[in-house]
Participant: 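Take a look at the following structure, please.
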Amino acid sequence: MDPVQNANVLLCITGGIAAFKSVSLLRLLVKAGARVRVVMTEAATHFVAPMTFEALSGSPVCKDLFHSGGAGGESHIALTEWAGIIVVAPATADTLAKAALGLAPDLLGCLLLAARCPVVMAPAMHTAMYLHPATGANLETLESRGVHLVPVGEGDLATGHGPGRMAEPEEILEAVRGVLSPRDFEGVRLLVTAGPTREPIDPVRHLTNRSSGKMGYAVARAARDRGAQVILVSGPVSLPPPPGVVVERVMTAREMHDAVHARYEEIDVAIMAAAVADYAPRDVSSSKLKKSSTPLTLALDPTPDILASLGRRRLDAGSERPFLVGFAMETEALEARARDKLERKGCDLIVANDISVPGVGFESDTNRVAILSAGGGIERLPLMSKYEVAARLLDLVAAGLGIEGGRGRDARR
Ligand code: C5P
């Protein structure tokens with residue numbers, strides 16, 4: 001399950017121009033299934049009207065220490081007891097300074113002092129303020145006390161250009177997920193392949209497919225969030241590299257094969273989510289092929305089947321490691337073909353996705369899959385985000401590895 005689902009998130013907004021991005025953050029949290037209450041400092045209300053956050057969270061905004069915003073006169077203590085996680089975004093230089101000193105002049109200050117749940121802060125300020133040693137010292141103090149800081153970005157600010165920009169809402173959501181995830185993959189080395197491969201025909205043309213890489217990248221992020229050391233072998237995609245993951249970029253099926261086998265000895269789990277080209281042009285022309293009026297025939301040779309080769313290597317070694325997971329995409333007889341593939345390729349689990357269903361497969365953010373296991377089991381999952389699919393898959397991998405059902409910080413109070 002997505003660790004954000006059903007989590008009680010106290011989203012605290014302080015007075016910076018980046019407060020407008022907190023509207024998107026709130027929407028992302030709600031979309032991921034979190035219950036969100038919003039706290040705003042007096043200064044924050046000058047940037048975005050509380051009404052916006054009330055409408056999107058479905059609850060009154062808490063602003064005042066003495067009348068905690070229409071929340072039935074809820075005290076700051078009641079709010080901290082409710083919260084599974086506190087997210088301060090944006091966190092201004094002033095907020096960081098007060099929090100580092102433990103000052104409590106307002107509702108937010110009291111909440112941060114009373115809180116026993118994890119705290120995530122996304123700093124946002126002008127570059128000069130960010131680079132000031134006082135801010136640096138405050139950030140260090142907060143981090144040493146266990147506050148999770150979401151690194152600032154670099155780019156255009158309200159005035160000027162440089163570090164100090166608040167992280168994007170998606171990155172903050174990711175940080176929240178990381179904090180709330182169970183750490184049951186701590187010490188596990190996991191390799192995942194993602195994206196398409198690109199098989200050259202000549203210097204300007206290639207054979208490829210529509211894979212976006214989203215599924216494999218979601219597996220990499222979810223495994224990282226659960227404490228795994230992740231190696232992501234990625235074909236050409238337009239996704240940003242997930243922080244905290246070792247990314248190896250490859251182009252062709254042969255390169256992907258070699259990159260995966262080079263890591264074979266050091267991995268505990270291999271999840272092959274890439275859509276590897278099955279054929280590659282036999283001869284790659286060194287110059288651009290010329291157009292002519294006669295038909296062109298390309299000779300294609302089969303590429304190495306990476307997953308099957310891992311299955312064989314493991315069998316030859318008489319080992320149970322690495323745990324092998326494949327993906328299968330079919331438009332018909334999905335489960336039967338997936339089961340056949342699982343056996344042929346010698347893997348432990350196979351994730352079958354039916355690409356004939358809308359919202360499933362290549363470019364989409366959601367997937368509907370069934371996960372088949374070598375023992376004969378099958379788990380059919382409803383349509384869900386690719387991150388959630390990854391989380392469910394990792395639950396089954398954990399069971400296969402005999403990992404204790406590690407518990408995350410329970411944000412569902
Ligand atoms: O045979 P098919 O391509 O449908 O199998 C899909 C699974 O096999 C995926 O896990 C994919 O990453 C893997 N595969 C591979 N090498 C290939 C082709 C597929 O590892 N050449």
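Remember, it's 1-based here, ligands and their atoms both numbered in the order they're listed.
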Participant: Quick check: Lys345 and ligand 1, any N/O pair under 3.5 Å apart?
Facilitator: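 Between Lys345 and ligand 1 (N or O atoms, distance only) the closest approach is under 3.5 Å.
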Participant: Salt-bridge test for Lys288 and Asp202: reply yes if a basic N is under 4.0 Å from a carboxylate O, no otherwise.
Facilitator: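 No, no charged N to carboxylate O under 4.0 Å.
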Participant: Any salt bridge between Arg254 and Asp258, counting N to O under 4.0 Å?
Facilitator: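 A salt bridge links Arg254 with Asp258.
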Participant: Are any of the side-chain nitrogens in Asp316 or Arg312 under 4.0 Å away from the carboxylate oxygens of its partner?
Facilitator: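 No, Asp316 and Arg312 are not salt-bridged.
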Participant: Check ligand 1 against Met272 and write out every atom of the ligand that is under 4.0 Å from a heavy-atom position of the residue.
Facilitator: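 Here the atoms of ligand 1 in question are 9 (C), 10 (O), 11 (C), 12 (O).
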Participant: Looking at ligand 1, does any of its N/O atoms fall within less than 3.5 Å of an N/O of Lys341?
Facilitator: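 It does: an N or O of Lys341 is found under 3.5 Å from an N or O of ligand 1.
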Participant: Can you find a non-hydrogen atom of Pro304 under 4.0 Å from ligand 1?
Facilitator: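 Judged by the 4.0 Å heavy-atom criterion, Pro304 does count as contacting ligand 1.
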Participant: Counting from 1, what ligand 1 atoms have a heavy atom of Gly326 closer than 4.0 Å?
Facilitator: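 Result: 10 (O).
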Participant: Quick check: Leu307 and ligand 1, any N/O pair under 3.5 Å apart?
Facilitator: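 Yes, Leu307 has an N/O under 3.5 Å of an N/O on ligand 1.
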Participant: Could you check which of Leu342, Val276, Leu324 puts a non-hydrogen atom nearest to atom 18 (C) of ligand 1?
Facilitator: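 The residue whose heavy atom sits nearest atom 18 (C) of ligand 1 is Val276.
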Participant: For Ala277 and Thr197, which heavy atoms make the closest approach, and how far apart are they?
Facilitator: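 Smallest heavy-atom distance, with atoms named: N-OG1, 3.0 Å.
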Participant: Salt bridge or not between Arg282 and Asp301? Use side-chain N to carboxylate O under 4.0 Å.
Facilitator: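 So Arg282 pairs with Asp301 through a salt bridge.
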Participant: For the pair Arg314 and Glu320, find out whether any cationic side-chain nitrogen is under 4.0 Å from an anionic carboxylate oxygen.
Facilitator: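 A salt bridge is absent here (no side-chain N lies under 4.0 Å from a carboxylate O).
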Participant: Using a strict threshold of under 4.0 Å (side-chain N to carboxylate O), is an ion pair present between Asp305 and Lys345?
Facilitator: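 A salt bridge links Lys345 with Asp305.
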Participant: Under a 4.0 angstrom heavy-atom cut-off, which atoms of ligand 1 come close to Thr303?
Facilitator: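 That gives atoms 21 (N) of ligand 1.
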Participant: Looking at Asp278, which atoms of ligand 1 are within less than 4.0 Å of one of its heavy atoms?
Facilitator: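 What qualifies from ligand 1 is 3 (O), 18 (C).
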Participant: Using a 4.5 Å cut-off on heavy atoms from C-beta on, say whether the side chain of Leu342 contacts that of Asp340.
Facilitator: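 Answer no - side chains too far apart.
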Participant: Under a 4.0 angstrom heavy-atom cut-off, which atoms of ligand 1 come close to Ala274?
Facilitator: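 Taking each heavy atom of Ala274 in turn, ligand 1 has 11 (C), 12 (O) under 4.0 Å.
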Participant: Between ligand 1 and Ile306, is the shortest N or O to N or O distance under 3.5 Å?
Facilitator: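 Min N/O separation from ligand 1 is below 3.5 Å for Ile306.
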Participant: Is the closest N or O pair between Phe327 and ligand 1 shorter than 3.5 Å?
Facilitator: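 In this structure, Phe327 places an N or O atom under 3.5 Å from an N or O of ligand 1.
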